Amino acid sequence: MYKEKLLILLEGALMAAIATVLSAVVPTVEWFDISLGIIPIVIFSIRRGLKAGLLSGLLWGLLPILIGRASILTVTQGILEYPVANMVVGLAGIYSNQIKQALSNNNWHVIFSRSLLAVFIAVFAKYFCHFIAGIIFWGSYAPKGMSPVLYSLFVNGGSFLFNLVLAGIVVVALEKKQIEYLHYLNSIFL
């Protein structure tokens, strides 16, 4: 039991490190955020559950601050846009048990629908945090005559949609590959 918990913690730390590296590989273009780090945190959350996913996401949010890659205006903004926004990606773990059960039953419909829901919740929660921060902390950067709400919706909405589609495609493709691999193993050993 202790070894399994330690393994989960180590796996979560590794996923947070991978998420940090992936997030650094594709730099943010001015206001558009391509966050490849969402993918390993969602996959880990689905694999290990809600608590482990939230913890790994929290670590992913702390790492940019610790290595000096965070854009922080105030303490509150820094907390909201790094530890909190990245931690909530772990909410994908809400569907962990349902997806695992569906994988064991080879129920592709449930795997597909719950995986997409997990991705949606994770990406929506992350960009909702950024949307709120955009209104409160970044609104002064809005073009003259544009409300901070509309500005934040425009900036974070585009990033949300892009990351939702990208993460959804990757997560579903990886789970489809996992099913094919399980079928292959069954054909060999049965």
Side-chain angles (χ1 to χ4, degrees), residues 15-46 50 53-54 56-65 67-95 99 112-176:
M15 288 301 186
I18 291 169
T20 302
V21 170
L22 286 174
S23 294
V25 168
V26 180
T28 299
V29 181
E30 288 297 314
W31 48 267
F32 192 76
D33 178 35
I34 300 171
S35 186
L36 297 178
I38 290 171
I39 297 166
I41 302 301
V42 167
I43 291 169
F44 175 74
S45 300
I46 289 171
L50 180 62
L54 290 171
S56 184
L58 176 64
L59 182 55
W60 174 39
L62 291 172
L63 285 173
I65 296 170
I67 63 176
R69 292 189 50 94
S71 298
I72 298 176
L73 298 173
T74 68
V75 172
T76 309
Q77 174 268 332
I79 291 169
L80 179 59
E81 290 206 279
Y82 289 95
V84 174
N86 290 353
M87 178 181 71
V88 296
V89 174
L91 290 172
I94 290 171
Y95 291 102
I99 294 168
F112 180 75
S113 64
R114 296 314 182 275
S115 296
L116 288 179
L117 278 170
V119 169
F120 177 81
I121 287 171
V123 177
F124 179 82
K126 177 177 175 47
Y127 284 97
F128 185 74
C129 291
H130 292 304
F131 171 71
I132 297 300
I135 295 168
I136 297 169
F137 302 105
W138 300 99
S140 63
Y141 293 93
K144 188 172 181 151
M146 182 183 266
S147 78
V149 172
L150 189 58
Y151 175 70
S152 185
L153 182 63
F154 177 74
V155 169
N156 292 299
S159 298
F160 162 72
L161 289 174
F162 180 83
N163 287 292
L164 177 66
V165 170
L166 179 65
I169 289 169
V170 172
V171 169
V172 168
L174 288 173
E175 288 185 349
K176 185 161 176 52

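Bear in mind that the values here come from a model prediction, so they are computed numbers and not experimental data. All heavy atoms count here, side chains included; hydrogens, waters and symmetry mates do not.
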Can you measure from OG1 (Thr76) to CD1 (Ile136) and round to the nearest 0.5 angstrom? 9.0 Å
For the student: nearest non-hydrogen atoms of Leu91 and Leu54, plus distance: N-CD2, 4.0 Å
Using ring centroids (six-membered ring only for Trp), state whether Phe162 and Phe32 fall under 6.0 Å. yes
So OG of Ser56 and CD1 of Ile43: to nearest 0.5 Å the spacing works out to 11.5 Å
Can you check whether Phe124 reaches Val88 side chain to side chain, under 4.5 Å on heavy atoms? no
Evaluate Glu175 against Ile99 for side-chain contact (heavy atoms from CB on, under 4.5 Å), listing each step before the verdict. CA-CA 10 Å; Glu175 288 185 349; Ile99 294 168; 3.7 Å; yes
Which atom pair, heavy atoms only, marks the closest approach of Leu36 to Pro40? O-CD, 3.3 Å
Could you please spell out the steps behind the side-chain contact (heavy atoms from CB on, under 4.5 Å) verdict for Trp60 and Phe44? CA-CA 12 Å; Trp60 174 39; Phe44 175 74; over 6 Å; no
Test Gln77 against Trp138 for side-chain contact (heavy atoms from CB on, under 4.5 Å), laying out the working first. CA-CA 9 Å; Gln77 174 268 332; Trp138 300 99; 3.7 Å; yes
Supply the atom-to-atom distance Ile39 CD1 to Leu22 CG, rounded to the nearest 0.5 angstrom. 7.5 Å
Quick check for you: to the nearest 0.5 Å, what is the distance between Ile94 atom CD1 and Ile121 atom CD1? 5.0 Å
Shortest non-hydrogen contact from Gly78 toward Pro83: O-CD, 3.3 Å
If we ignore hydrogens and angles and just use 3.5 Å, is the side chain of Asp33 paired with the main-chain N or O of Ser159 as donor and acceptor? no
Of all the heavy-atom pairs spanning Phe137 and Leu73, show the shortest one and how long it is. O-CD1, 3.5 Å
So do Asn86 and Leu58 actually touch side chain to side chain, heavy atoms under 4.5 Å? no
Point-to-point distance, once rounded to the nearest 0.5 Å, from CZ of Phe128 to CZ of Phe131: 7.0 Å
Go through the steps for Ile79 and Val84 under the test side-chain contact (heavy atoms from CB on, under 4.5 Å), then give the verdict. CA-CA 6 Å; Ile79 291 169; Val84 174; 4.0 Å; yes
Specify the closest pair of heavy atoms between Ile41 and Gly53, including all atoms of both residues, with the distance to one decimal. CG2-O, 4.2 Å
Has the side chain of Asn156 got a donor or acceptor atom that lies under 3.5 Å from a matching backbone atom of His130? yes
Can you list the residues that meet the ring-ring contact (aromatic ring centres under 6.0 Å, His included) rule with Tyr82, with sequence neighbours excluded? none
I'd like to check Ile38 versus Ser35 (side-chain heavy atoms, cut-off strictly below 4.5 Å). Are they in contact? yes
Please report the closest heavy-atom contact between Ser115 and Val172, naming both atoms and the distance. CB-CG2, 4.3 Å
Give a yes or no answer on whether the side chain of Ser152 reaches the backbone of Pro148 with a donor-acceptor pair at less than 3.5 Å. no
Gap separating the CG atom of Leu153 from the CE atom of Met146, nearest 0.5 angstrom: 9.5 Å
